[in-house]
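Inspection log for the structure reproduced underneath, given as structure tokens.
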Amino acid sequence: MLALTPELCNVLHRELAPSPDDDPFFARCLRQSQLRLEVLAASLRPPSSSAAAAPLARVLPPPPSLPPQQELQVRLPQEPGAGGGSNPSGSKKRARAATEVVRATHLSPADHLRYRALVRRARLTFEALRSSYQRQETSSGLRNRHDLRASSQMLSAGHWLHREVRIVGDIPGVLVGDAFYYRAEICVVGLHTAPQAGIGYIPGSLLDEGHPVATSIVSSGGYLDDEDTGDVLVYTGSGGRQRNRVDHHADQTLERGNLALHNSYLYGVEVRVIRGHDIDQGPHRKVYVYDGLYRVISSTFGPGKSGHDVCKFKLVRLPGQDDLASKTWHTAKLLKESMDARIRPPRYISLDLSKGAEVLRVPVCNKLDDDRSPLLFDYIVHPEFPVPPAHAPVKQHRGCYCATGCGSKCRCERKNGGVPVYTEDETLVMGRPVVYECGALCGCPMTCVNRVTQRGMKHRLEVFRSNETGWGVRALDLIQPGAFVCEYTGHVVVMDDQPGSALMEGRSIIDPRRFPERWREWGDASAVEPNMKRRQFTKLAGPGYVLDVSHKRNVACYISHSCTPNVFLQFVLRGNEDESFPHLMVFAMETIPPMRELSIDYGIDGEIMELMGS
DNA sequence: GGCAATTCAGTATA
DNA sequence: CTATACTGAATTGC
């Protein structure tokens, strides 16, 4: 007989975590690393014989290793030994733009993961700052540029990535398909350098050849002569146009960015392409997606549609990269449409794993093999927590009395330390030991801001078979950071039920207490913004249960493990629910593009244990 | 080093 | 709701 000790509760089923090293990013980074070499080889062949051999670039050094703890930490600007003088928050002097030109090749998979962690942390910081600035009341009349405030703050605190080098080609840690809501955020991770300008380039003064060379462009379709079929992009140069206007009023010239892009053509230098798309959800109506490396195959100058002269550059996507976002997003859209029409796409083994129980259908896709195992489980939408025994003292009414929405005066809000838990667009403001939502006894309606997770899933997910992770979950919708994703459910096993009657050999157990406190990473910008004191929350006594997912489970059980996760677990209590039985709620901690796999930190690094028959 | 010029943003207002 | 006004920030290159 087995006692239900925490160690034993850490047991995870094989299919949930195929191996301790398993990390979706890991496998993919490996693949990308090989591609990068091919890409580099291709880019070293200049198309025109007159041009010099391919220029520039040393090799990017391996990334600094991150401290293991999860807390956000101030990363001081890279200062080699002495000099420089440390740059504590207030100093106005900023590090100069870098003078060293570098390509990121020959990075080991471990390097890729470390860079991914850096990028992830920079984006978490940006989002924390941005969202807190957005919530701050804007002083009268002034436009609230929370995005710019966040990025400048990070720049002066030394938190922009890759400030010490100019990178040609891929930015390590940024994956093809990564989505951003603001131009400022793109600058923070080093994908692009200009806050507004479309062409990012290295000035000629930094290169031996003496000519400026473009390394990145942002294409938002702002010019008349743009043409875009995905793999082939005709990009119009800068100038001759009023800001925010489409029509030209003057001729363009072959200077600055235009000249640099022309040189990229001559030298055969690869260019990062970021596309801007109009969308109807999210913090503002726009999203930018990194679409990978392109190469300029022609550069022309002459009259455009307006009659004025324009520079036109034809770019072709380099082969062997991950699928183009526009393509991926389109397949996601088709899938959703076909789902709505109840037509089962090929190789889908179910249109709805939950059989109607979930607010949104959860399709299951297996394009790899004959495994149909997800269909064998009972789907359970909500965990069944034990009802308190009848002889327990009758709890007094602990809900709030808000008739409409719950604001600052709401007693549930006060339980949360007086800080609102969710924003108006239903994203989590800050991770905490436990979130108190309004509950059954509260006077507020279901539409209350403080009932976000009770309204169920808002973003479509699908369960899919993959080479890297066995079964996994991916998003079909674009999910914005902080958004509620789904609940983690299974059969509730009360810990008091010792000794072991409930636990039998071979059970798959999820122990809520074993998840690392990744919520600490969400919404905390105290490392960069000293005014934002790190909040001290009262700790929740550990949950008094584990989930047995051997027979009953839901989508969440198929989420893969990663040490650079894009979703995290947040405990949630509603009204006066028993504190030993918090709900396990999954929230997004990144901007998750459609068809991107979800990953969560199960806290199993290198110490997975299996419960075998005795 | 200082400073003007540049820019496929983003927000608020009519 | 779309057009327009206007502030904005980092870089480049003089």
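Each chain gets a letter, A, B and so on, in the order its sequence line appears, and its residues count up from 1.
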Which residues pass the side chain to side chain contact (heavy atoms under 4.5 Å, CB included) test with A/K314, not counting sequence neighbours?
A/V232, A/V234, A/I297, A/S298

How long is the line joining CG of A/L148 and C1' of C/dT7, in whole Å?
9 Å

A/H211 and A/Y267 side chains, donor-acceptor separation under 3.5 Å:
yes

Tell me the interatomic distance from A/L155, atom CG, to C/dT11, atom C1', rounded to whole angstroms.
12 Å

Is any side-chain N or O of A/S151 closer than 4.0 Å to OP1 or OP2 of C/dA9?
no

A/Y235 aromatic ring stacked with six-membered ring of B/dC8, 5.5 Å and 30°:
yes

Establish, from distance only, whether the side-chain atoms of A/N416 and A/Y422 form a donor-acceptor pair under 3.5 Å.
no

According to ring-ring contact (aromatic ring centres under 6.0 Å, His included), who are the partners of A/Y201, at least two apart in sequence or on a separate chain?
none

Rounded to whole Å, please give me the gap between CG in A/D225 and P in B/dC8.
14 Å

For atom OH of A/Y182 and atom C1' of C/dA9, their distance in whole Å
16 Å

A/N144 has a side chain; which of B/dA12, B/dA9, C/dG13 sits nearest to it?
B/dA12

Using side chain to side chain contact (heavy atoms under 4.5 Å, CB included) as the criterion, list what pairs up with A/V429, not counting sequence neighbours.
A/R135, A/T423

Taking for each residue the nucleotide of DNA chain B bearing the nearest heavy atom, is the 5' side occupied by A/H284 or by A/T236?
A/T236

Under the rule for ring-ring contact (aromatic ring centres under 6.0 Å, His included), what residues qualify as partners of A/H146, not counting sequence neighbours?
A/Y182

Atom pair distance, as rounded to whole Å: CG in A/D147 and P in C/dT7:
17 Å

Intra- and interstrand pairs of DNA chain C - dot-bracket, Watson-Crick/G-U under 3.5 Å, | marks other strand
.||||||.||||||

Under the salt bridge (charged side-chain N to carboxylate O under 4.0 Å, His left out) test, which residues partner A/D323, sequence neighbours left out?
A/K327

Work out how far the C1' atom of B/dC8 is from that of C/dG13, and round it to whole angstrom.
22 Å

Taking distance alone, no hydrogens or angles, what donor-acceptor pairs closer than 3.5 Å link side-chain atoms of residues 218-227 of chain A to residues at least two apart or in another chain?
from: A/D225; atom 1: OD1; to: A/K305; atom 2: N; distance (Å): 2.8
from: A/D226; atom 1: OD1; to: A/T236; atom 2: N; distance (Å): 3.1
from: A/D226; atom 1: OD1; to: A/T236; atom 2: OG1; distance (Å): 2.6

Please identify each residue that fulfils salt bridge (charged side-chain N to carboxylate O under 4.0 Å, His left out) with A/D247, with sequence neighbours left out.
A/R245

Determine whether any donor atom in the side chain of A/R145 lies under 3.5 Å from an acceptor atom in the base of C/dA9, or the reverse, and answer yes or no.
no

What residues form a side chain to side chain contact (heavy atoms under 4.5 Å, CB included) with A/D228, not counting sequence neighbours?
A/L233, A/R275

Any A/Y181 side-chain nitrogen or oxygen under 4.0 Å from OP1 or OP2 of B/dA9
no

Go through residues 185-196 of chain A and report each residue with a non-hydrogen atom lying under 4.0 Å from DNA chain C, sorted by number.
A/P195, A/Q196

Atom CZ of A/R149 to atom P of B/dG10: distance rounded to whole Å?
16 Å

Heavy atom of residues 237-254 of chain A under 4.0 Å from DNA chain B: which residues?
A/S238, A/G239, A/R241, A/R243, A/N244

Closest contact, heavy atoms only, A/F180 versus A/V174:
CZ-CG1, 4.4 Å

Please state whether the phosphate of B/dG10, meaning OP1 or OP2, lies under 4.0 angstrom from any side-chain nitrogen or oxygen of A/K286.
no

Using a cut-off of strictly less than 4.0 Å, decide whether A/R166 has a side-chain nitrogen or oxygen near OP1 or OP2 of C/dT12.
yes

Expressed as a whole number of angstroms, how long is the span from A/L259:CG to C/dT12:P?
14 Å

Side-chain donor-acceptor pair present, A/R130, A/Q134, cut-off under 3.5 Å:
yes

Among B/dA9, C/dA5, C/dA10, which nucleotide has an atom closest to any side-chain atom of A/S152?
C/dA10

Starting from P on B/dC8, measure out to CZ on A/R183 and report it in whole angstrom.
8 Å

Please name all residues satisfying ring-ring contact (aromatic ring centres under 6.0 Å, His included) with A/F484, sequence neighbours left out, ordered by chain then number.
A/F587

Identify, between A/Y288 and A/R256, the residue whose nearest nucleotide on DNA chain B lies closer to the 5' end.
A/R256

